[in-house]
Each structure stands twice: as C-alpha cells, then as structure tokens.
**Student:** 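One structure, as structure tokens, below. Some questions next.
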Amino acid sequence: MSKATFETKITELDEHIVEIVSDAGEGAQAAGNTFAEVCARSGNGLWTVEIIPSEIQPPPHTTGSASGNRIRVGNSPITNGGDLTNLVVAFNEMALLSRIQTDSLAPDVTVIIDDMWSRHDDAQIRQDYREILDDLSAKGAKVWELPIETECQRVAPDSTRGKNMFIVGMLLCLYNKDLEAGFTIVDEMFGARSQAIVEMNVKLMEAGYIFAQQTFAETYSIAPLQDTDNLVAMNGNTAIALGSVAAGYELCAMYPITPATSASHELSDFFEKFGGIVHQAEDEIAAIGVAVGSNWAGKPALTITSGPGLALKTEFQGLTVMSETPLVLVNVQRGGPSTGLPTKVEQGDLLAALWATPGDAPKVVIAPSSIEECYHIMPLARKISEEFRALVIVLSDANLATGRQLFKRPTVNPDLLSNTLDMSPVPPGTKPFDWDPETGLSQQILPGRPDGMWVATGLNHTPEGKINYLSASNQLGMTMRSRKLAVLQSTLKTPEIFGDDSGDLLIVGWGSTKGAIWEAVAKERAQGVKVSAMNIQFISPLPPGLKEAFGKFKKVMAVELNYADDPNDPYITPENRRYTQLATILRSNTLVDVDCWGKVPGSPLMPQEVRSIIQTQIENIK
Amino acid sequence: MSKATFETKITELDEHIVEIVSDAGEGAQAAGNTFAEVCARSGNGLWTVEIIPSEIQPPPHTTGSASGNRIRVGNSPITNGGDLTNLVVAFNEMALLSRIQTDSLAPDVTVIIDDMWSRHDDAQIRQDYREILDDLSAKGAKVWELPIETECQRVAPDSTRGKNMFIVGMLLCLYNKDLEAGFTIVDEMFGARSQAIVEMNVKLMEAGYIFAQQTFAETYSIAPLQDTDNLVAMNGNTAIALGSVAAGYELCAMYPITPATSASHELSDFFEKFGGIVHQAEDEIAAIGVAVGSNWAGKPALTITSGPGLALKTEFQGLTVMSETPLVLVNVQRGGPSTGLPTKVEQGDLLAALWATPGDAPKVVIAPSSIEECYHIMPLARKISEEFRALVIVLSDANLATGRQLFKRPTVNPDLLSNTLDMSPVPPGTKPFDWDPETGLSQQILPGRPDGMWVATGLNHTPEGKINYLSASNQLGMTMRSRKLAVLQSTLKTPEIFGDDSGDLLIVGWGSTKGAIWEAVAKERAQGVKVSAMNIQFISPLPPGLKEAFGKFKKVMAVELNYADDPNDPYITPENRRYTQLATILRSNTLVDVDCWGKVPGSPLMPQEVRSIIQTQIENIK
Amino acid sequence: MSLDIDDYIAKEVHACEYTLDDYTTEPARWCKGCGAHGALGAVQRMLRENNEAPENVITVSGIGCSSRFPHYLKTYGFHTLHGRALPVSVGVSLARPEMKLLTVMGDGDCFSIGGNHWLHTLRYNINATVIILDNEIYALTKKQASPTSRQGTMSNTSPRGSYLEPLNPLSIVLGVTNLSFVAQTASWLPGHMQATLDRAWKHKGLAFVRILQRCPVFMPDAFSGASAEFPAQFLEHCSGITPDKGILRNAPTVAHDPSDINAAQKIAANAHKDLEPLGLLYLNTEVPTYNEVRYSHVQQSDKFAKAELLNQYLDSYAIGNPNEEG
Amino acid sequence: MSLDIDDYIAKEVHACEYTLDDYTTEPARWCKGCGAHGALGAVQRMLRENNEAPENVITVSGIGCSSRFPHYLKTYGFHTLHGRALPVSVGVSLARPEMKLLTVMGDGDCFSIGGNHWLHTLRYNINATVIILDNEIYALTKKQASPTSRQGTMSNTSPRGSYLEPLNPLSIVLGVTNLSFVAQTASWLPGHMQATLDRAWKHKGLAFVRILQRCPVFMPDAFSGASAEFPAQFLEHCSGITPDKGILRNAPTVAHDPSDINAAQKIAANAHKDLEPLGLLYLNTEVPTYNEVRYSHVQQSDKFAKAELLNQYLDSYAIGNPNEEG
Ligand SMILES: Cc1ncc(C[n+]2csc(CCOP(=O)(O)OP(=O)(O)O)c2C)c(N)n1
Ligand SMILES: Cc1ncc(C[n+]2csc(CCOP(=O)(O)OP(=O)(O)O)c2C)c(N)n1
Ligand code: SF4
Ligand code: SF4
Ligand SMILES: [Mg+2]
Ligand SMILES: [Mg+2]
C-alpha cells in the first residue's frame, strides 16, 4: 500500500521545489519538516528554507500570517534554496497570496489549495479566493482546489489540527515516497507524548495518500543521490552548535538575538552534557566580556550574536586584539542597518567585521559558505584564534542559520574535546608577549602558573606586558599584531576557481551565496558561457593570488546580498558609486576594476538571478 | 628697560621651536603659555603643543614626570608643531632626558638647565646630570648650565614656585620680546586672585630678563606676521566648543574621555549662557541616545567622544542613519586600538567612522585639517546633518585638540543662533519619509505638529514610516539613504592641489597632518622637487576628480598617522600588506596604486619626516 | 498653591475632546490575549480622560513585543533600540519639556540590557511616565529567560529551568536617589491599570510603573495564569491609588503610606516570596525634575544677544591687538 | 562539616609563607596621599595573612586611577575596559573556580558606565571580592563629577557645582536579589580596611566592598578631608567586622545585625544625609555562588566519553540509513 497502486503517469524529475504554507500555528512547518525528512531518508538532495511570519502571532488569514516551509528536493546534492517554486500547498488564499507577493512561485506552479474558502460565509474571503486563483491560472499555474478540510473531517471529525499530516500524505503520494517512512517520523515526533496522537496523524497521513492517489493522474519521482552513505541533515545554527562542541568549546556567552539565538538554544539543550555552559549575559557587552575573561583564564569560550549585538561588541573587540586574547565571535548576519529586517538574510556586516574597531585592530574574518562549513569552521576558528592569539570573526547569515542541508557526517576528533591546562612554573625570563620578531607569534601564559604573573591591558605595552607610552613600543606592538595576519595569509591558498581558470566573466562571492552562484555558473557553463566562480572564505587576511586570478578574466564581478548603488540611478557616477562590501575590499586589495551586483531583498539569492546577471554581463562583454 | 640695553648680537630668525619642561606641577606649562601668549600678541605665527605626563601625579624627577610646552614661533603663519626643538629650558635633567628619549631635540639644540642638580646630595642625580649634558654637548648641543634656583632665591627667598616666571623673563630677553607684555599677562592670570602674587611673579620675570641680558651675548629676533589683524589663538577643542555654539547647538551629550573631554569642559563653562546644556550621561551609549532623542524632537544636539566611546556608539549610529535623524558626532582621535595611547595623537579611527555600523549605513565623514577648521566645521556639519537628515562624523585628533594656533577671528552669524520650531499643522498626505525619488531627501516632521503623528523606527519602513518586511521596500529605503551621499558628493569640488597639478609625486593626507605635509612639500618644491600635496576633508562621500588628479602624477602616496605594514618587513608582500586607512579607501575608489606611509608614534607628524619620505620616493621614481 | 478658575475648568470640568480612535493607528499586532492590548487600551483611555492632544504626546520604546507600543498609539513615537528607550527619552525630555512623554519597555529591555539607563534615568527624574510591560520573559525573541523570570522557568536558554532567583525591580528602584514615583499594576486589571497610569501621568517627575503583563504564548502560567489565584495585595492610602481589584477580588488590602521609603522597601523585598504589591509603593512630589534642575541654570536670550556674547568670547582669544580686548 | 587535621593546620596554624614583597611589582604610580596606596597595602597584607600564593590570585579591573591596581599587585591581572571589569570577572570565575578573584573598580567605572554589570553580577553572586575605590570623582580623566559626587561638587563638567544628589550605591545593592555580602570601609582606616577585606576574602560569594577613597588631587575636601571630623558610624555585631576606628575615634558605634536586610536598607538610606556606615551592612552565607549554581548541572567526562556523546548527537541528524539510528 505504500506505492500508488493504480495506473498513474510518473514523471521523472531532477528536482522540485515544494512549498507548504498555512497560517502561523496551523502546522505547515511541521508538515514541511516531515516531508523533507522522508525525502532526505529516501536519499534525495535537500535544502529547506523556513517561511517565518514577521510577527509572533499575526492576525490569522492575512499575508503576514503565512508560515511554512520551502523544500527543494533533488537527485543531486543541493547547495541552496533554488529558484521558483514548482508546487505549493496552501491552507488558505492569503498564505498563497503572500508567496505571490514575495515573487517566489514559478508561473507554471502547481497549486493545491483547500477549497473550503470558496464556500466561506465572508463574501470578501470568497472573492479574494477566486480572484487570486483565477489570476494565477491566467498566468499559467495549474490549480487544484481540493476539499482538504472535508476529507480530513471524515477521518478526524473534531480535528482541524491534523490537516498538515493529511497534506504530507498527499505529497508522499505525489512524489512517490514511502508512506511507511512518514509513519515512522510521526512516531518519532509524537510517540513519546501520546500513542493516540500518533494514530490520529498516521490515519490522516494515510487518508491524504489515498486521496491523492484518487486525485492525481500524474505523479513525480525524484531519484536518490548517487551516494547517500553517511549523510546528516541539519540547519546552519545547529551545525554551529555541534561544531562548537566538536571544537572543544566549554563556554558560550551570549545574549538573545535573532537569527543567532537558535544556535544558543541548541547549546543550552546539550552543552552541559559535554561539560559546557551557556551563559546568557545581561547584554552583549557583558557576553563578549565573559568570553574574553574565560579565554584569558584558560577555558575556551565563544560568543554568538547578530548585527545589533555585533555593534555592541565593538569596544571589547579592540581589547581582545590588544591583549591578544584568543576569541571566536560568531555573527549570524541579518538585514540591517539598525534593527533592519531582523529575521531576514543579508551579507551586510562584512565591513563592520573588518573595520569597526577604532584604531588599528587586525583580526581574522572568515565566512562559511554552506551548512557543512558552519560545522567545520568552528574547530578551524578556534585553532586560528589560539595559535595566533587572535580575534576570529565567523560570518554566517540567516540563510545558513535556518536552511537545512545534507552533508557528510563529520568525524569527531576526541583530542579537541579535552582542555588540560599547563600549570607548570614559568621559566625565568618568559614574557607574556614573547613576540617572535619575524612572525609576531607568542605564547599565552595562563593564570595559575607559578612565576608567570603578568597583567593584560588594553593600553600599549611592552613584551613584558608593561604599560608604555613611547613611540617605538607602540610601533612594535602594532607591527607584531599586524604581522600575524601576514603569517596566516602566507599559509592560505588561492581559492579554487569553479569552472575554467580564464574566460569572460568571473563571479566572486563569499558566504552563503556560494550554492546559488555556483549552480548558476554551472548552468551557464553548460550553455557554453565562459563564466567561472570563486568563493572567498578568508576575507581577512585575503588569500594570495587574487589579482593574478582576476587578471585572466575579461571582467570580475562580486555578487553579494548587500547594498550597492545601481550605476544607472540618478546622481550615481562611477566616482561616487557605493560598491558591495567584498567588492570594496577586493578593489582596494587588487586594484582590479571589480564590478558588483548587490541587492538587499531579505531573501536568499536565487540561481536564476545570478544567471540573469551573468547573461547581462556576457552581453556587455561581447 | 623693555629691550636689551647693552651690546648683544641679535640674530634674525624665521622661526624657532622652544620647549620648557619641568616636573609635573612646577609650572612649565604656565611658563610656556605665557611666553607663547607674548609671542602671539607680538604678532608671531604660533603653534603650541602640550607636553603631558602620562600619569596624574608621576614620581617627581623622572622622565615620566616631564610636563610642559613646546612652542613653535615664526614670522609666517604656522600650521603645525614643526620639526626638532631649537631651544629647550629644562628644570631638571630627567625632564630633559624625556625630550631626548622622544627624539624631539635638534642636534644643535640650545639647552638651558638649572645647575643646582650638579650639586645635589644624591650622587646618582649628579652623575645622571653630568652624563646627559655631556652626551648632548658631544652631539652638538649648546648647553647653558645656569644657577636658576639660586637667582630666583635672591628675589623670592621662600619660593621654589616662581622659577617658571623667571624663565619666561629669560626667554623674553632671549627673543627680544616686550617685558611689559609679560607683566600684562601675569596680571591677567593672577590679578583677580592676589596682587601679591602678581608682584612676586613680575619681580621674578624681571629678574630673569635681567639675568639673561647679563648672560647671553647672542639673542634672537623673529619678525611679526605681515598681517596680524583680527587673529585669535586657541586650541582645537576650544575651537570645537565655540564652533558648536556658533553652529547653534543647544545640547552636548557626552561622557568624559581623553582627549575629547576638554571640549565639553569649555562648553560646561559657558554653554548655559547661550541657552545650552552639557549633559554628562551615564555612559557613551546614553550620550549618543540623548543626542539622538533631542535632535529627533527638535533641539540641535551633538555628542563628542574619542575611540573607546566611538566604539560604544556604534549601534546608535545605525539607528541614527536608519531613522534619518540628524546628528553630529565629534570624535577626537587618540592612539588605539582599545585603550591604546589615551593622550596621544593617531588617525586610526577613519575606517571605523566609515564602516563600523553593521549593515549598510551611509554617513558623512569629514575631518578638520587645522584648528581654524575645527571651528568652522561645526556649522558646516550641522547644516549637512539637517539638510540631509544624516549622521555626520567629524574626525579631529589629539594634535588639533591640544595644539594652539593663530587664525582669523571668525565672524558670528546670529541666524544660526536661534532655533524656532515649525509647529504648524502638517498638510494631509505628508509622509515622514517623503523621499524625493531623485535625491532621497525629505523633511523631518517634528513632534508637536498637529496631524503629523508618525513613529521613527530602526526597522525597515515605508515612506509613511510603517514597518515593512518586503524586498522592494527594503531596497527602496537603502537606495534613498545611499542616494543622499551621491547628492552631497555632486556638490563637492575636487580638493585643491598644493603645488603643481602634475608632477612626480602627490602626497595625499587628511586631517591634522595637513600643516606638516604642506610645509614639507613647500620646502621640497623650493628645492625644485616635483611634489604636490592634497588634503581630503570629505572622506565620505569622497570628492569628485580624485582619479583624474592622481593620474597626473607618477606616484601617489598617502601619508597618515595610522598603521601600515612596512613593505620590507618579513612576511609582508604586495598582496597582504595592510595599507593606511585613507589609502585603503582611495585604492578602492580610484583603482590608482596609491602607496602609503603610515606610522603610529603617538606624536604629531614632523615636516622633516615628510621631507624624508618625499626624498626617498623621488629617488625611487628616478 | 494658587488655584485659578480657568485651570480648574481645564483640569476638572473639561469635556473629553478626543475619542479613543484619535489615539489609535492600526489594529495592534500582539497575540490574542496578550496583556499589551490591555495596557494599550488603558493608556488610550487615560489619554482621553486627560484630554491630551495626540500631537503633544511622545511615546518612546525600546525593542521587544512591548516596544511595538508606539506603532499602535497615535502619538509621535520613537521605537529605538533594545535597552535604549530611556536615553532617547532623556534627550526628548530635554528638547521638548512642553510635550508629555510616555516611555514603554519590556522586562528584558529595561532590567537586563537597559539596566544602566534605568538606574540613572530614575536619578535624573525626567518628567515622564515610564511603563515596563513585565511578562517575565523575552517574548519577541521567542522565549528566553529574562531577569524577572521566576527560578525554574523553562525557556529556550534554560530548557531545564532558569538558574537564578529573579531580580526584583521594585527593591532596586527603591534604592535609587531622587526617586519620585513607583507603582505596580497588572495587565488583567484594566481599572487598576488605568487608575495607576492616570496617577503616573499627572505626576511631575519620573513615574515608574511596572505592569505585570500576561504573555499567553510563552508564559501562559505566569502570574498564576493571571487568574483570581494570583497572590497579590493592594496597597491602600489616602494619597495612594484606589484599589480596583478586578478579578483579584479576594486579594487582601493593606495600608501603606507611599511616603515611607523603608516601608516600601520592606514590601518590595518580600514581593516575590509573598504577595505582589499592587498600587502606589512610593511617592515623593518634592523631587525636582531634571528639566527644572538644568533649565534653572540656563540663560534664555535672543540670537542677537547670543551673537554678542559669542563675539565677546571670541574676542577673549584675540591676539595682536591687546588694546581691543574687553 | 567535617574538619580534618591537615585542613586545620593549613588554615589556622600556617606560617605566613609570603612577604609583602611577593605581592609587589613596581612602586605604585598613584599620587602622594592617594587613598589607593592604602587600599593596595591593605590588600597585600590581607593576602599575606591569608597565605595566598600570588599565582593563584587574579585581579581584574576596569579603567581609572583605581583600575591601575593590578599593575602594582603581583598577581595575575587583567586591566580591562572602562566599566567592564565585572563581565571579565564572570568569565574568569567560570573558567577557573579554583583561583581567587579580586575585582577593583572606581566609582565612575562601577556605578556609572558599569552600572548594568554591577546589578547583574551581584545577582549572579560569583565568587569574588569586589572593591570599589570610591573617591566621588572621575580622577583619571581629571575631575568630572561622578554619580557619587555630592551635590554641588565643582568639577570640569559642573563648574558651578554638580546638579544632582549623589547616587547611593549602598541602597541600590541592598535591593539586588542574591546579594550575599556588603561592607563599607575607608582608605584612611588601614586596620578597618584590612579587617573588612579579610572578611570579604573569606566570604564565599560576591563580597561587595565600597572603600571611601581619598583623592587629594581632585577631591581634597571629600570625606571632610579624611579627617577625624568625617561623620561616620561603625556597625557592630558578633557576626560583623570589629570596629577599628583609626582616626575616627569619636565616631559612634551602633549595633547592626547584618542578616537583617531591612535594617541595612534603613542605614543605607540615610548614609549620605546622616552618618556613613562603616563595617558589615549585609551578610547572607546561604546564597549559592554562580559556579555552584551552574556547575552542579554540568557533566564532567573525559574526551572519549564526550566524543561518544557527540557521535550520538551527530547520528541523530543522520539520514539515508534510518536503521542505523540510535
Ligand atoms: C542589541 C540587541 N540585542 C538583542 C536584541 C534582540 N531582542 C529583541 S527584543 C529582545 C528581548 C525582548 O524581551 P523583553 O524586553 O522582555 O520584551 P518582550 O518581547 O517580552 O515584550 C531581544 C533580546 C536586539 N534587538 N538588540
Ligand atoms: C569607554 C570609555 N569611556 C571613557 C573613558 C575615559 N575614562 C577613563 S577613566 C574614567 C573615569 C574614572 O573615574 P573612576 O571610575 O571613578 O576612577 P578613578 O580614576 O576616580 O579611580 C573615564 C571616564 C574610557 N577609558 N573608556
Ligand atoms: S509573544 Fe507574548 S508578549 Fe509577545 S505579543 Fe504574543 S502574547 Fe504578547
Ligand atoms: S588623581 Fe586622585 S585618585 Fe588618581 S592617583 Fe591621584 S590622588 Fe589617586
Ligand atoms: Mg518581556
Ligand atoms: Mg573615582
């Protein structure tokens, strides 16, 4: 019974983007997660994006209330949220409208909607419903108005709640997935709570499945990945939380802020089992202060925040750099400036991460470009911070934070999970800033070691850690702190170029847009376009070889989710144009005329947007 | 009796740099000020630099205790502290040593020192005294060991305090200044307090004068300026304080921090008489918050701070930009990063001023390049902030803050000194962000106006001020806020080039180093070197025409008092070299290979340093 | 105190010129059952009773569910930064003493990140009604423990229960110098809330009002679910706020003289362990406001007098022509 | 409580192994007559008496004259940022519970810019001796009024006298939940200061000690010039600090039970107007420290156990092979 039993046409697909949207609280998110989980377990590539209402409890049956999930499923590894939606299941017409308003649906989208609204008492609702659907149909959508609530009530007369599982059942049928796998997940979700709930949901799911069998003459099939061994699926904030454990952190000092907080929620859940503590401080200044104190004293600590919190941590960043205390600061970017678009994605904090600190404060800035990297960047960041006694800022963003992706299950290195302090007496003459004159590197002396007493300070200081106001001492300290970046840079490789090493156009990006950019480039290359892509993980220090690599292309263009003036806008000239943030840095570093495309839609970059950028650029080049 | 009465050789000088140094509390600062005041009133060009000990009350008779004044006097307008000291009067050998250690004395410096230490009980002191002086003599100094204390005691047996006025008397004689002018200043200083003190100081001054007449066979004369009409002399922080009054500010919200605070001290002294208030807030975050609240409500307010305070104001800068509330933030730069060198000069906050705010937050950044500009930039900054509803950051520094210079007395515009609020009803349909689609400009609606109620927010908002999460709205807001900078840029002129418009080398600078750079360039040009200089006042937005102007020189080099890697240092490559801050921006903006010289000595740039930079560069060009 | 007839008429016999609609923008976007709705209504009714012209009221808030307040109240408003409503309020107050100022914050906003401004603004005693919508949780960020969360509160950052005893905002404010008005009320007691807000509004100085606020989404059980069982006591005094017990009909009434700081501290100290006091804890009408303190030293003059004075100051720095000095 | 003989010997019969020199780096660079010298000496004597190994002590400070303290005391030290000594102290305390922690701040440092951390760190009750060198002025920045400056203080930002009544740090701390130790002493009473510091040092939890500190350079007249005329009273109780009146021979001694919070609040409320209390204001030995609160929930295990556990967590996110799930 777990496969469609009567004759339907099964269309093989490479991938599909499916959305499930309802009013907040109606369960579309759970439905999406369940469907995604079945797809993942069946071996599909996957990227999910949460659809979150902006208010906590928005008025129901409004566009602001739309809540749900966007699931991109494919037969190959999936690195981003993709383009327009192929199939949407909407609990009501306003949820559907919100997706139209955010330009997320393909013109030929398949729409499945509960037809109960066509019979609603409120004439306005009936009218809206009709107009929205007619409009969609006119533009090419394929609309299925189905008696979902009615069908659900047959199985569960009292429940308006179970609709979401009915819909999962429909989707399992539509995509020829294993219904039993859906049952398993229901059991995992509710089994511990109540067997009655499990049964009810299983019944609804099954009913949805059967209803779909009877309804759809065409269904879809998406083949599994070639290699599905040893994969995990999680979102970027979970990856950061688990990566922090893997890196051996023992303290996370934070203050709640969206979209960073969920990483701390995860840690709060399990950190204590690993000997760790989440300290929710009174504010972000205290949070970084606690982390600095802990690292200075010998317990590895990190701090996690988003834009406004990053701003508050500015002063302490200076002290961290000056006192050469290792610190990893994770900043999960959201829309700015100021409170901005708190739940939405943007890559607008790059320059702030690099240069917010008054005075010259060299620091390391790195950005994960996938959810997998969110995990692995944490041990890397810790290692750099300790070996270089440096501040390392990790720039993630809301897209990575809440997106869910499949990746190779990391292996755990137990050696990172212990933190034994060297408490041996300090040999005479050892200095707290025993800078190697070539590299600027030195060893931190942890408190507790006999004969090692020294005082950390944010004032200029000598190798002995003594306050000093003389020119030569100040110049030396600055030089040593800066030199460390050059040393780190000398260990970096030129970032891989995706595509040919030379050609017409090189698209450069950083962070979470990698998936969309590379996918777009792959597709354009498949059309014969001479475009390549580069993703820059180390932004401070920048890796070597950029200028040379850029020189092999007719044009280099940064594509970023942050603001740039449109060169065609009034008053904008080549002289006053404000470039995207990475472009600003690359231009300075390479003197190559790096152009840029920067927008701030608050939503993840779509491959098709990048393709159209590429197409326009290629036309201009020719 | 006011001129040397017996035969001495009077040498005509273009200028001299005179230092007076003593232990903290012995009065060298007052002596320096008095001598400088006489020089100023006699019509000389002038620049004074305070020599400040780093501790509040350092142990006496140590190098850390050196306190005093450095006075550059000339026959032409003086724009900076100059090169090496020509004549130093030291109260003791440790004060002298501190000046040697800071490399401030010319090899052929004339040293005047109290010889009492040669007879001191403490053998160590006697030995130090001898060694220091012998060393100086060996290097070419002309040393006068004079019985200063002994001579003073003849006039004022009980007083060890009046030595400083005795020294002023000596200097007046040495530089052929009017002794009566010295008496006048003594009277202005102490007259209100006690006639006895006046008399004592006058007596000591006269004794010093006579003693010098009998001692020195050669004296100096420095002619007055061509035009001495209508000049004032003050330091940069006083200029900022008076400029703030002239600009019509009515509230200064601040938190104490060196070297910014003295501007607030001045304002605290007289602001209430102008209807103004200095609000010392609980911290810097509150200070900027109070200023933002006041400006939003209609009372013009500014906030003044230095590095660590600037860091704390980062988050509120974002709100200011987002809510388009006019605000002027004065940042008096000091040595960084972190607590750094709190009393010393640096130009290290440029990138932080530009880019500290997370998200895209376009703001105006301008820098006064002289003390005169510290005054005039305040009305300019207010005007820009209000017309553009913008955040304007004014970057001064410790060199301007405490230096004293002569400049044309400003004329006062009474129209800036009244602040009448338009409380008329708001016409229907008026929006709080009624952005002109071309320019992004709009009018602020002040609270109190009937029918105008609106809510400012740091969230993205529509022209109506309503919170909005849609892409198009976010893109529009960002565009409008950025556009304002382009509009402002379109009103700017390419900065004047000092020297020819083309040549071998263009030295570019910003802020307080202008005086030293231009002086050096003038001297090199006088030697036939094809060097010119440019000072950039508007750093955001950058003025037009830079690329073109730079293109006319074989080489362009930024000279700044902030850190840059030395290209010859280990590990430093052309790819990883960290440039000075203005150079970083100019490279990005112009794609011209702007080189840089950046050091962080904590002391003002000397023209001779710039000359040697020029010479090295010119050699390389050839 | 002189009493003039116009004053009397204006204050006491006024007709309400405004309707509640005059204080309303869009429908408030808080959850159903959220205590903020009640607080908003109470503020609107209070404004109407006080016949305040909407354009003469400024509402400043921080960031949080509670801080959405200005968007739903038709006055001038500034929705500032998390924790920073009070500094902006100080600026507004210094700028426009003639306007009426309402500051709205959440518990996290005021007591956690905004703690420093809280202490100091109380000490400045600016002329403002400062209300804290205290739901004992960080609501907007979806359930993290706040300083006032009771020990053991399950939240996303304390999934096994919060660790510390809650901070007691009442006992803290009662230690601050220049304190002039402290009251506590609850969002589910509309009558008492309005009466409290009205007293606060009429107070000259900083009126600190903590409103215990239901958050049915994240803290449904707080305040005993805002049921009749909530352990509270009403403070009663001739100079206090008349108890309007609403649902808490059975809550005891105790006498408390709000001029007695030590008695207030005693009540506050036991609030959490014992009965939450509702009503006026402390009142001192003698404390000067910050505007009074500051503007009494400030000279008012026209632009020409100021220009003249500035010229004098500039002259005092003049050189070269000492004879011209004043 | 078990008492073992080694413990007893270690604690009670110890010879002082260390000399004052062992706690001294360079000569302190404060002004002559500065009260900080006395405080430093008292701390050094107290450490010697407690036989503390210098390497086991961590001194954290903010920024100010007072915050130069760690540079002159030979322990591990962190001279942090203005106002931020306490957050760093929290981190240090969480990181190294086995070390002894001394935090030193100035009045501006702690009560003005650091106010928020002050409230909250008291509530955390970290295990530390926290001393405030309160000279009622911003000294390092050369004389601006601080929150504790008496009204009318002439300073560079209040040249005609400061405007507000001073903030009362004692009455504020006495309103904070989880408070465990509050004492006040004065820099010119070396005996009393050392006794107070010793009690603070031995206290488990956050011992808040305000030291009235002379600043002869900028506030020579504060505390009646630190003369015998300074209006003070010594608090006496069997569980308190024995009055050592030094120069204040004539100051009265009053009985005060430090376990009585309300009595302490009463004394604190009148401190400025009346007599400054010296001695132990409040003591509660029952409040758990933040380390106790937090680490009692933390599992200790070796790296292999942790790796095993992490593997389990990773597996719970595994897909593709549902059979392998745990
Ligand atoms: C600087 C900064 N830190 C954190 C946040 C995230 N944030 C927004 S509201 C909030 C707390 C909300 O709690 P509360 O103040 O109690 O208000 P409520 O939502 O409960 O009304 C936080 C932490 C922010 N916006 N800015
Ligand atoms: C963020 C920041 N703001 C301001 C300052 C300047 N500052 C240094 S110390 C100080 C106040 C000193 O007063 P207090 O804390 O009472 O210490 P004291 O010098 O009196 O011992 C200030 C405002 C700073 N260093 N950092
Ligand atoms: S989450 Fe809570 S506080 Fe926020 S609006 Fe909903 S009920 Fe109110
Ligand atoms: S200025 Fe005052 S507080 Fe600072 S060292 Fe000198 S006496 Fe001590
Ligand atoms: Mg709350
Ligand atoms: Mg102080």
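Within every chain, numbering begins at 1; the chains are lettered A, B, ... in the order of the sequence lines, protein sequences first and strands thereafter.
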**Student:** Ile58(D) versus chain A, heavy atoms under 4.5 Å apart: side chain, backbone, both or neither?
**Tutor:**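 Looking at Ile58(D), just its side chain touches chain A.
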**Student:** Over 60° means perpendicular and under 30° means parallel, so tell me whether Tyr313(D) and Phe270(A) are parallel, tilted or perpendicular.
**Tutor:**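 Rings of Tyr313(D) and Phe270(A): tilted, 30 to 60°.
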**Student:** For Thr184(A), is it the side chain, the backbone, both or neither that has a heavy atom under 4.5 Å from a heavy atom of chain D?
**Tutor:**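 Answer is neither: Thr184(A) stays 4.5 Å or more from chain D.
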**Student:** Most heavy-atom pairs under 4.5 angstrom with chain D, which of Thr325(A), Asp415(A), Thr411(A)?
**Tutor:** Asp415(A)
**Student:** With no hydrogens and no angle check, do the side chains of Asn50(D) and Lys100(D) hold a donor and an acceptor under 3.5 Å apart?
**Tutor:** no
**Student:** If you measure from CZ on Phe183(A) to CG on Leu179(A), what distance do you get to the nearest 0.5 Å?
**Tutor:** 3.5 Å
**Student:** For Trp454(A), which atoms come within 4.5 Å of any heavy atom of chain D: side chain, backbone, both, or neither?
**Tutor:** both
**Student:** Tell me, out of Asp302(D), Leu309(D), Val60(D), who's got the most heavy-atom pairs with chain A below 4.5 Å.
**Tutor:** Leu309(D)
**Student:** Can you see whether Ser42(A) engages Asp178(A) through a side-chain donor-acceptor pair at a distance of less than 3.5 angstrom?
**Tutor:** no
**Student:** Which region of Pro432(A), side chain (C-beta onward) or backbone (N, CA, C, O), has a non-hydrogen atom less than 4.5 Å from a non-hydrogen atom of chain D, or is it both or neither?
**Tutor:**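 Neither the backbone nor the side chain of Pro432(A) comes within 4.5 Å of chain D.
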**Student:** Look at the aromatic rings of Tyr124(D) and His279(A) and report parallel, tilted or perpendicular, splitting at 30° and 60°.
**Tutor:**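 Rings of Tyr124(D) and His279(A): perpendicular, as their planes differ by over 60°.
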**Student:** At a heavy-atom separation under 4.5 Å, does Arg68(D) approach chain A through its side chain, its backbone, both, or neither?
**Tutor:**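 For Arg68(D), side-chain heavy atoms alone lie under 4.5 Å from chain A.
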**Student:** Any idea which of Ala301(A), Ala287(A), Ala181(A), Pro447(A) has the most non-hydrogen atom pairs under 4.5 angstrom with chain D?
**Tutor:**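 With the most close heavy-atom pairs to chain D, the winner is Pro447(A).
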**Student:** Among Gly458(A), Ala233(A), Gly465(A), Gly275(A), single out the residue with the greatest number of heavy-atom pairs under 4.5 Å to chain D.
**Tutor:**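 The residue among Gly458(A), Ala233(A), Gly465(A), Gly275(A) with the greatest pair count is Ala233(A).
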**Student:** Salt bridge or not for Arg404(A) and Glu37(A), using N-O below 4.0 Å?
**Tutor:** yes
**Student:** Less than 4.0 Å between a side-chain N and a carboxylate O, is that true for Asp21(D) and Lys74(D)?
**Tutor:** no
**Student:** Among Leu46(A), Ile288(A), Leu459(A), Thr457(A), which residue forms the greatest number of heavy-atom pairs with chain D at distances under 4.5 Å?
**Tutor:** Thr457(A)
**Student:** Under 4.5 Å from any heavy atom of chain D, what part of Ala253(A) do you find: side chain, backbone, both or neither?
**Tutor:** neither
**Student:** Leu416(A) versus chain D, heavy atoms under 4.5 Å apart: side chain, backbone, both or neither?
**Tutor:** neither
**Student:** Among Val88(D), Thr121(D), Thr80(D), who wins on heavy-atom pairs under 4.5 Å with chain A?
**Tutor:** Val88(D)
**Student:** Which residue out of Asn56(D), Leu94(D), Leu119(D) racks up the most heavy-atom pairs below 4.5 Å with chain A?
**Tutor:** Leu94(D)
**Student:** Please determine, among His120(D), Gln300(D), Glu98(D), His117(D), the option with the most heavy-atom pairs under 4.5 Å with chain A.
**Tutor:** His117(D)
**Student:** Below 30° counts as parallel, above 60° as perpendicular, anything between as tilted: where do the rings of Tyr138(D) and His82(D) land?
**Tutor:**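 Correct class here is perpendicular.
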**Student:** Would you call the rings of Phe407(A) and Tyr375(A) parallel, tilted or perpendicular if under 30° counts as parallel and over 60° as perpendicular?
**Tutor:**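 The arrangement is tilted - the two ring planes meet at 30° to 60°.
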**Student:** Should the ring pair His203(D) and Phe181(D) be called parallel, tilted or perpendicular, given that the plane angle runs from 0 to 90° and is split at 30 and 60?
**Tutor:**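 Tilted.
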**Student:** Checking side-chain contact (heavy atoms from CB on, under 4.5 Å) for the pair Leu242(A)/Leu310(D): CA distance, chi angles, key distance, verdict?
**Tutor:** CA-CA 8 Å; Leu242(A) 289 170; Leu310(D) 180 54; 3.9 Å; yes
**Student:** For Arg96(D), which atoms come within 4.5 Å of any heavy atom of chain A: side chain, backbone, both, or neither?
**Tutor:** side chain
**Student:** Distance alone, cut at 3.5 Å: any donor-acceptor contact between the side chains of Asn127(D) and Thr289(D)?
**Tutor:** no
**Student:** Please flag which part of Met322(A) lies under 4.5 Å from any non-hydrogen atom of chain D: side chain, backbone, both or neither.
**Tutor:** neither
**Student:** Please flag which part of Leu251(A) lies under 4.5 Å from any non-hydrogen atom of chain D: side chain, backbone, both or neither.
**Tutor:**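 Contact with chain D is through the side chain of Leu251(A) alone.
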**Student:** Do the side chains of Lys204(D) and Glu292(D) get close enough for a salt bridge, i.e. N-O under 4.0 angstrom?
**Tutor:**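 Between Glu292(D) and Lys204(D) there is a salt bridge, with a charged N closer than 4.0 Å to a carboxylate O.
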**Student:** Glu26(D) versus chain A, heavy atoms under 4.5 Å apart: side chain, backbone, both or neither?
**Tutor:** side chain
**Student:** Heavy-atom distance under 4.5 Å to chain D: side chain of Arg409(A), backbone, both or neither?
**Tutor:** side chain
**Student:** If we define contacts as heavy-atom pairs under 4.5 Å, which of Lys299(A), Met453(A), Glu272(A) has the most with chain D?
**Tutor:** Met453(A)
